[in-house]
A.B. asks: 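Pasting in a structure now, in structure tokens, and then I'll have a few things to ask.
First listed ligand is number 1; within each ligand, the first listed atom is number 1.
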Amino acid sequence: MTFSADARCVALSGGVGGAKLALGLADVIADPGRLTVVANTGDDFEHLGLRVCPDLDTLTYTLAGIANEETGWGRAGESGAFMAALGALGGETWFFLGDRDLALHVERTRRLRAGESLSAVTSALCARLGVPARIVPMSDDPVPTVVETEEGPLAFQHYFVRERCRPRVTGFRHEGAERARPCAAFLDALAAPDLGAVVVCPSNPYISIDPILALPGVRAALAACRAPVIAVSPIVGGRAVKGPTAKMMAELGTAPGAAAIARHYSGLIDGFVLDTADRAEADAIAAGGVAVEVTNTIMSARADKQALARAVLAFARRISASAQSSSTA
Ligand code: FO1
């Protein structure tokens with residue numbers, strides 16, 4: 001299917017960087033209801049008795065227009081009375097839960113305990129917050145990421161927030177992935193006959209995208225889908241736009257760069273988008289057999305997010321058109 005005005009789009013995403021492109025896609029797609037954003041849930045954890053789903057929530061707040069633009073996570077206009085009161089009682093305060101954000105964790109936890117699935121709760125809360133696109137957790141089953149470090153294994157948020165990504169990484173485990181089932185809405189979106197593009201957002205490949213790819217059947221569904229699969233590089237000029245991607249690559253023995261990200265996704269993607277700053281890497285990536293698009297990938301303003309989304313969808317259209325013309329030649 002060529003990406004036409006009424007085509008569907010699936011985006012695979014982690015938190016902050018991915019949410020920026022998801023917002024751009026929701027803005028430029030003719031009907032944002034035809035955009036399905038699949039969120040990594042490997043970062044999820046139980047904290048203070050609550051179910052916290054950071055990437056799902058970053059996507060929800062961003063697409064609802066209520067995200068904290070400075071941190072990228074949490075809500076705008078947030079206050080910290082609960083955290084301050086908890087700290088005064090000697091409670092755990094290493095993971096900041098703002099007063100408004102807390103409401104989401106309390107309500108989600110209540111509904112999960114009452115027997116609703118994570119996807120049902122997410123869909124209901126997104127509707128309440130006015131999210132125009134469909135946000136789907138990768139799975140209703142828990143698949144917590146464990147970061148293997150030189151200091152031993154660490155639960156994801158202990159590595160990321162409590163230890164501030166300091167320990168040297170040696171690998172990752174996606175616990176329970178082999179038994180988990182991808183959400184039905186995720187697989188249905190990939191199987192849609194009018195799917196025009198699958199976008200792998202500029203998220204950390206190891207901790208945001210690999211957990212999604214680790215679910216049984218996902219790689220096969222991506223290979224079988226009718227649309228081109230396009231990844232956007234989270235690395236610009238050898239550095240991560242945000243977060244520890246470059247640090248992790250270096251610790252795992254891979255020189256951080258756009259070409260290394262393209263190699264990471266080899267066999268999965270049809271197209272790769274890299275930043276103009278990395279133009280010199282384009283030929284090497286194309287030699288690996290994927291189509292390449294060079295454009296500005298830094299998304300500071302809303303217009304940058306929309307411009308990148310338009311470029312990605314136009315790229316998908318070109319890849320589909322050239323596949324169609326070579327199959328009819
Ligand atoms: N990241 C931090 O660096 N420090 C925090 O205290 C923190 C709290 C937090 C609360 C809710 C939420 O949805 C996200 C939060 N994050 C925080 C971000 C988050 O843990 C990470 O950015 C992601 O897991 C990585 O994608």
A.B. asks: Between R8 and D194, is there a salt bridge with N-O shorter than 4.0 Å?
C.D. replies: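 Judged by the 4.0 Å cut-off on N to carboxylate O distance, D194 and R8 do form a salt bridge.
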
A.B. asks: What residue and atom, counting heavy atoms only, is the protein's closest point to atom 13 (O) of ligand 1, and at what distance?
C.D. replies: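 Nearest protein contact, heavy atoms only, for atom 13 (O) of ligand 1 is P54 CA, 3.3 Å.
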
A.B. asks: Please state which option from F96, F160, F156 has its nearest heavy atom closest to atom 8 (C) of ligand 1.
C.D. replies: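 The residue whose heavy atom sits nearest atom 8 (C) of ligand 1 is F96.
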
A.B. asks: So, are E92 and R162 salt-bridged, with charged N and O less than 4.0 Å apart?
C.D. replies: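 No salt bridge links E92 with R162.
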
A.B. asks: Below 4.0 Å from ligand 1: does a non-hydrogen atom of T58 turn up there or not?
C.D. replies: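 The answer is no, since T58 has no heavy atom less than 4.0 Å from ligand 1.
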
A.B. asks: Should the pair E293-R318 be classified as a salt bridge under the 4.0 Å nitrogen-to-oxygen rule?
C.D. replies: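 Counted as a salt bridge, because a side-chain N and a carboxylate O are separated by less than 4.0 Å.
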
A.B. asks: Checking a contact table here: which protein heavy atom is nearest atom 25 (C) of ligand 1, and how many Å away?
C.D. replies: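 So the nearest neighbour among protein heavy atoms is D43 OD2, 3.2 Å.
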
A.B. asks: Could E78 and R75 be called an ion pair, given the rule that one side-chain N must be under 4.0 Å from one carboxylate O?
C.D. replies: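 No.
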
A.B. asks: Identify, for atom 9 (C) of ligand 1, the protein heavy atom at the shortest distance, and state residue, atom and that distance.
C.D. replies: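 Atom 9 (C) of ligand 1 sits closest to the protein heavy atom F95 CZ, 3.2 Å.
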
A.B. asks: Check ligand 1 against Q157 and write out every atom of the ligand that is under 4.0 Å from a heavy-atom position of the residue.
C.D. replies: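 Listed by number with element: 20 (O), 24 (O).
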
A.B. asks: Decide yes or no on ring-ring contact (aromatic ring centres under 6.0 Å, His included) for H158 and F45, but give the supporting numbers first.
C.D. replies: CA-CA 10 Å; H158 287 181; F45 74 137; 7.1 Å; no

A.B. asks: Tell me whether R181 is salt-bridged to D141, with the criterion being a basic N under 4.0 Å from an acidic carboxylate O.
C.D. replies: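 Result for this pair is yes, salt bridge flagged.
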
A.B. asks: Among all protein heavy atoms, pick the one closest to atom 26 (O) of ligand 1 and tell me residue, atom and distance.
C.D. replies: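 Atom 26 (O) of ligand 1 sits closest to the protein heavy atom D55 OD1, 2.9 Å.
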
A.B. asks: Identify whether V16 and M138 are in the same connected component of the hydrophobic contact network (ILVMFWY, side-chain heavy atoms under 4.5 Å).
C.D. replies: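 In one cluster with V16: M138, no.
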
A.B. asks: Looking at non-hydrogen atoms alone, which of Y61, F45, W73, W94 comes nearest to atom 15 (C) of ligand 1?
C.D. replies: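 That would be W73.
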
A.B. asks: For atom 3 (O) of ligand 1, what's the nearest protein heavy atom and its distance?
C.D. replies: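 Here the closest protein heavy atom is V161 CG2, 3.9 Å.
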
A.B. asks: When you measure from atom 11 (C) of ligand 1 to every protein heavy atom, which one gives the shortest distance, and what is it?
C.D. replies: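 So the nearest neighbour among protein heavy atoms is D101 OD2, 3.4 Å.
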
